[in-house]
Amino acid sequence: MRKDELALHGGPPAVTVEWSQDWPYIGAEEVAAVTDLLERGVISIYDRSGIVAEFEQAFADYHAEEQGVPYALSHNSGTSSLHAAYFGLGIRPGDEVVVPTYTFLATVTPLLQMGALPVFADLDPVTLTMDPRSVESRISPRTRAIVVTHMWGHPADMAALLAIAERHALPVVEDCSHAHGATIGNQKVGTFGSVGCFSLEGHKAVAAGEGGILVTRSREVYERALMLGHFGRRAKDEVMHKDLVPFIQTGFGHKYRMHPLAAAIALQQLRRLDARNERRRANLDLLCEVLSPVPGIRPPTTLPGVARGGWYGFKARYLSAELGGLPLPRFMDALQAEGVQVKRPGSPPLHRVPVFRITRTEAQRLGLSWAGSLPESTPPLWDCPVAEGVYPELLSLPTFSGDCFPVVRQYGEAFAKVADRWQDLL
Ligand SMILES: Cc1ncc(COP(=O)(O)O)c(C=O)c1O
C-alpha cells in the first residue's frame, strides 16, 4: 500500500491529530455568573437594570471607541433585533428594502412580517458580501433602507455602501451576526450605519445561547425599537417621544426581552471576544496559507485594511475545472475519508427561496398577515448571477477556535493529497 494512497481507496488518512471544536466555549466564568443569578432567583428583568443593563452597557462601550454608540438594546434573538431595527427606522408596509441575496434568511424575514418588500442585491465574489454596484441598480423611488450582512466575518464595502446611501438619503442596517469585533481600519462593524444588529445565538462569537442586540446612535431609533418588544416598566423609564409615550404600557405587541441568564453568558463571552478572535484569526490565516497553493481550492480572501471578526464560517471555493472537472461531491468524499470535516454551506442565496416569491393569493390562502402588501403578481425574480455561480462552488470547513495549528497543517496536507491524486477519483 502506497503511503500517499487516498484514504478513500484504503490508504492512511492524512488527518490523525485528535482535536475537538471548543465552540461555543463555555468557561468557569459563565457557569459562575449563571449560578449566581439562579441562586439569587434572578430569572426575569423588567427594566434596564441588573445583568441586562450591565451587558448592554458593556456592548455599547465595546462599540464606542471610535464612533460613540450610546444605545444598545438587547433581545431574545438576533431576528428580534433585526425586526426592532427595521421598526425603529420606520419601515412600513409596501416599502422596498435592498437586502443581500447571500445572507441568512433572518436578515430578511422580519421585513416580510412588516409588509415590506425585499429587493435582492448580488454578491461580490471576493468577499462574499453584497456588491455595492448591484445595490445601486436596485434603488427605486420606493426604497426606504439598505441592509448589509458582514458575511462570514468579512466586513462589507461600507465606504461604497454609505456613499450610495447618502446619495439616496437612505439609512443602512448592518447585520453583524457573523462579525462580532470585525473592523474596517479601526472602526468596528455595527457603527457605520444607522443600526447594527447582532445575533447572540449559541454558535456566534458572542454567544448567549439565544439572544440578540442592536446598537445605534439615534435616540429616535432606540425608542421606537424599544417600543416594539420592551413594553411596560422599561418603556416607562426610557421612552420620551411624545408620539410613543401614550403606548408605553402595552408597547406595540411583541415581547422581545433578553433572558437574564443569556445576558450573563453573553457578558462573559464579550469579555473574551478579542482574545478569541485573535486565536481564530491565527488558525484561519494558517488554514488560508496551507490551502493557497492547492489547485482547485481558493481559500477566502480578507482584503487589506479590514480585520475579520467572529470568522463565523470558513467558506472556500472549489474550482473543479482545475481538477479535470472532478465533481464537488466526489472531492468531498475523498476529503472526508482523509479525516477532513467538510460540508456544503447551508444558507443558499435567498432570491429564489419560496417565501420571498410567494404570491398574494397564496399568502392569503395561508393566512399570512402581510399578504395584502404583496404585489398582485409573483414578486420579481431578481437577477443575481454571481451568487448563483459562486454558491454551488462553496465548501465549508470548521472554524478552528482553540489551539489548532497541528490539525490545520494536516488539513492542508489532506487537501494537497486529494488534489494531487484527483485522477484516481474520476
Ligand atoms: C446573518 C444572520 N442574521 C441573523 C441571524 C438570526 O439570528 P438568531 O438566530 O439569533 O435569531 C443569524 C443567525 O444565524 C445570522 O447568521
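Each ligand, and each atom within it, is numbered from 1 in the order the structure gives.
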Examine the side chains of Y312 and H203 and answer whether a donor and an acceptor come within less than 3.5 Å of each other. no

Find out whether the Lys NZ or Arg CZ of R280 is both under 6.0 angstrom from the six-membered ring centre of W23 and within 45° of the ring's axis. yes

Of all protein heavy atoms, the one nearest atom 11 (O) of ligand 1 is T79 OG1, 2.5 Å

Ligand-side contact atoms (ligand 1) for residue partner G78, heavy atom cut-off under 4.0 Å: 7 (O), 8 (P), 10 (O), 11 (O)

Geometric class of the F59/H63 ring pair [parallel <30°, tilted 30-60°, perpendicular >60°]: tilted

For ligand 1, indicate whether the residue H178 contacts it via side chain, backbone, both or neither (heavy-atom separation under 4.0 Å). side chain

Polar contact flag for L200 and ligand 1 (N/O pairs, less than 3.5 Å): no

Contact with ligand 1 for G211, non-hydrogen, under 4.0 angstrom: yes

Any donor-acceptor N or O pair under 3.5 Å, side chains S199, S177: no

Taking C-beta and beyond as the side chain, do L328 and Y318 meet within less than 4.5 Å on heavy atoms? yes

Counting both backbone and side chain atoms, is some N or O of T103 under 3.5 Å from an N or O of ligand 1? no

Are any of the heavy atoms in K204 under 4.0 Å away from ligand 1? yes

Whether the E210 and H259 side chains hold a donor-acceptor pair (N or O, under 3.5 Å, no angle test) is what I'd like checked. no

Describe, in one word, how the ring planes of F247 and F252 are oriented to each other, choosing from parallel (under 30°), tilted (30 to 60°) and perpendicular (over 60°). tilted

N or O contact, T149 vs ligand 1, cut-off under 3.5 Å: no

Kindly confirm or rule out an N or O of E201 lying under 3.5 angstrom from an N or O of ligand 1. no

Atom 12 (C) of ligand 1 has as its nearest protein heavy atom F104 CD2, 3.3 Å

When you measure from the centre of the six-membered ring of Y46, is the NZ or CZ of R233 under 6.0 Å away and within 45° of the axis? no

Taking the minimum heavy-atom distance to atom 9 (O) of ligand 1, which of S199, S80, G212 ranks first? S199

Please state which protein non-hydrogen atom is closest to atom 3 (N) of ligand 1 and give its distance, to 0.1 Å? D175 OD2, 2.6 Å

Here the atoms of ligand 1 under 4.0 Å from any heavy atom belonging to A106 are 4 (C), 5 (C), 6 (C)

Taking the six-membered ring where the residue is Trp, are the ring centres of H230 and H75 under 6.0 Å apart? yes

Please list, in number order, the atoms of ligand 1 under 4.0 Å from a heavy atom of L82. 4 (C)

